[in-house]
Amino acid sequence: MSAAARPQATWRTLRLPAFRALWTSGALYFVGNAMQTMAAAWLMVEVTGSSFLAALVQTAVFLPMFLLSLPAGVLADIADRRRLIVASLVVQAAAGALLAALLFAGVAGPAWLLVLVFVGGCCTAMLSPAWNSAVADAVPRDELPDAITAISIAYNAARAVGPALAGALAALAGSAWNFVVAVVAALVMAQAIRRWPPKPHPPSRLPAERLWGGMLAGLRFARHSPLVLAQLVRTVAYGAAGSALWALLPVIGQRQLGLGAAGVGLLVGCMGGGAVAAGFVIGRLRAVAGLERLIAGSCVVFAAAMLVAAHSTQKAAIYPALAAGGAAWMVAMSTFNTATQTSVPPWVRARMLAMHMLCALGSFAIGSAFWGALSDIATLAFALTSAALCMAGGLLLIKPFPLRMGQAHEVTLATRWDDFVIASEPDPEAGPVAVEIGYRIRDGESEAFLDALSRLRGPRRRDGATFWRIYRDLADPSRYVERFIVTSWADYLHQRARATLADQALEAAVRSFLRPGEAVSMQHFVAER
């Protein structure tokens, strides 16, 4: 039986001290954030009575992921992750403390709520890629799916426990105390990161990446990696449609079921509880059903949960439907996350985690605002029914954007087998740089050769090329030239260092067409004024 199929495999990862520290402090941090978000949403409904403003709290929490995830991912790939995480947590704690003080003083209106919750969301966005990549570093590769499942269980348990605790604490002592708990949780996580810091990045002789160039490199990788692109597109579709149910839970509780703060917390707790339960069987489900059937089933179940919430006023029907929806959400989002993390090499891992968060939480934030506005303009039932139809429509993406997990040879960096000769080293910022690679092949094999060479287009573009093309020599029909352009000499050096074992196998297949005794020729050109 595989590790993924063994229920105990998920918790076996906690034997590792670094991962155990990340998991424990992260679980507390998730609970604090969930309590703060629930308290803010309920206060907004209580003060304004607007479902749009209540849903906008979710947007304030998650929109920073859309705005800051990619820059944060670049910083996590090139900067000191410990300092980045700790600084973000300290600022978040300060913002939470200010909001709690304003609430105790009775002067925190809707604007203060949204602004300071947004600041906290920005801090979460800045630390998340660094924290998630630290999780990947803390466990062996073959245990990474189990580690991600353990983190997902902690996150969704926080969604179940946090809102319920928030409702109970608000009823007993007042909503402001939820923000105090969030501040304490952020400080505890900061101390844990100081005690068990992420591994430092390995030293490199290559020129350091700049923020803007690193962002472009991340976007280019996502665009030209079929594996990652499929995962991101499917994440956007699922997150945008599913955000309706999460964002409108306070409205469902207050208007449809007549519940107070504790009751609304129980609704969120039902979804979180279902997600936690799914975490214990997700490994077996993946092994038995495969990725596509698992995601398709999650779409159907979540759509059904939204339809029940839209058209039923019976708690006995809504509670189990929400639990099933939470389980489907956990299965789908954990699978997307695992597929992304196993499909990228170390140099771009934090950026691709940032892209995943950007797609998941950015679509969630924008979707929350959209479905909240639609609920105000039309009705709650119309908004949830429309979202269910959109969720079901996501099944149409299976064929154009198929899912699979990356293999080890696709993410393991290779040692270059060729070298290049230049008269003098250009300035790292010199460019653009054109690279021409010449091949003289055996007669009668041009079609097969071109098919093999065409497969290099994706890796070249993915790792840095802004242009790629094949040319045939008119003076010698057996000679072909592969030509690509990168922005600068530094970018070209980075591109060479990013080749994987899978890329090297593609290059070996291309070289197999060379004439006996022939070698590949390589020339480099740098643009002049």
Side-chain angles (χ1 to χ4, degrees), residues 29-72 75 84-128 162-163 166 169-170 174-187 189-190 243 246-251 261 264 268 354 357-358 360-373 375-376:
Y29 178 75
F30 297 151
V31 170
N33 274 6
M35 293 178 68
Q36 176 173 278
T37 301
M38 182 62 202
W42 177 251
L43 281 171
M44 194 65 76
V45 171
E46 195 175 54
V47 170
T48 67
S50 169
S51 58
F52 172 68
L53 289 177
L56 208 59
V57 170
Q58 295 283 353
T59 302
V61 172
F62 295 117
L63 183 59
M65 293 292 182
F66 184 80
L67 301 175
L68 299 176
S69 283
L70 190 52
L75 290 175
L84 178 62
I85 295 171
V86 170
S88 299
L89 288 169
V90 169
V91 173
Q92 184 172 8
L98 176 58
L99 182 54
L102 293 174
L103 287 169
F104 281 125
V107 294
W112 275 112
L113 269 174
L114 287 176
V115 168
L116 292 176
V117 167
F118 181 77
V119 171
C122 290
C123 295
T124 301
M126 290 302 297
L127 69 88
S128 292
L169 188 58
S175 295
W177 285 101
N178 287 289
F179 300 92
V180 175
V181 173
V183 170
V184 173
L187 294 176
M189 186 174 178
S243 64
W246 290 102
L248 294 173
L249 278 178
V251 185
V264 174
V268 181
M357 288 188 295
L358 187 154
L361 299 181
S363 63
F364 193 98
I366 295 172
S368 295
F370 173 79
W371 299 118
S375 175
D376 274 350

Trainee: If you take all heavy atoms of Leu116 and Ala95, which pair is closest and at what distance?
Mentor: CD1-O, 4.1 Å
Trainee: Taking side-chain contact (heavy atoms from CB on, under 4.5 Å) as the test, write out the residues that go with Phe370, two or more places apart.
Mentor: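 Here the qualifying residues are Leu374.
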Trainee: Could you give the distance from CG (Leu248) to OG (Ser243), rounded to the nearest 0.5 Å?
Mentor: 8.5 Å
Trainee: What residues, two or more places apart in sequence or in another chain, satisfy side-chain contact (heavy atoms from CB on, under 4.5 Å) together with Ala72?
Mentor: Met126, Pro129
Trainee: Under the side-chain contact (heavy atoms from CB on, under 4.5 Å) rule, collect the residues that match up with Ala60, sequence neighbours excluded.
Mentor: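 If we apply the side-chain contact (heavy atoms from CB on, under 4.5 Å) test to Ala60, skipping adjacent residues, the hits are Leu114, Val117, Phe118.
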Trainee: With Ser128, which residues qualify under side-chain contact (heavy atoms from CB on, under 4.5 Å), at least two apart?
Mentor: Met65, Thr124, Asn132, Met357
Trainee: Under 3.5 Å, sequence neighbours excluded: what are the donor-acceptor pairs made by side chains of residues 96-109?
Mentor:
none

Trainee: CG of Asn178 to CG of Leu169: how many Å apart, nearest 0.5 Å?
Mentor: 4.5 Å
Trainee: Apply side-chain contact (heavy atoms from CB on, under 4.5 Å) to residues Asn33 and Gln92 and explain how you reach the verdict.
Mentor: CA-CA 10 Å; Asn33 274 6; Gln92 184 172 8; 3.3 Å; yes
Trainee: Using the side-chain contact (heavy atoms from CB on, under 4.5 Å) rule, take Tyr29 and Leu89 through it: C-alpha gap first, then chi angles, then the decisive distance, then the call.
Mentor: CA-CA 10 Å; Tyr29 178 75; Leu89 288 169; 3.5 Å; yes
Trainee: Before giving the answer on side-chain contact (heavy atoms from CB on, under 4.5 Å), spell out for Ser368 and Trp246 the whole-Å C-alpha distance, their side-chain angles and the decisive distance to 0.1 Å.
Mentor: CA-CA 8 Å; Ser368 295; Trp246 290 102; 6.0 Å; no
Trainee: Phe30: which residues meet the ring-ring contact (aromatic ring centres under 6.0 Å, His included) condition with it, sequence neighbours left out?
Mentor: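 By the ring-ring contact (aromatic ring centres under 6.0 Å, His included) rule, Phe30 matches Trp131, Tyr155.
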Trainee: To the nearest 0.5 Å, tell me how far Met35 CE sits from Ser175 OG.
Mentor: 10.0 Å
Trainee: What is the distance from atom CG of Leu43 to atom CZ of Phe179, rounded to the nearest 0.5 Å?
Mentor: 5.5 Å
Trainee: Is it true that a side-chain atom of Ser363 and a backbone atom of Ala360 form a donor plus acceptor pair closer than 3.5 Å?
Mentor: yes
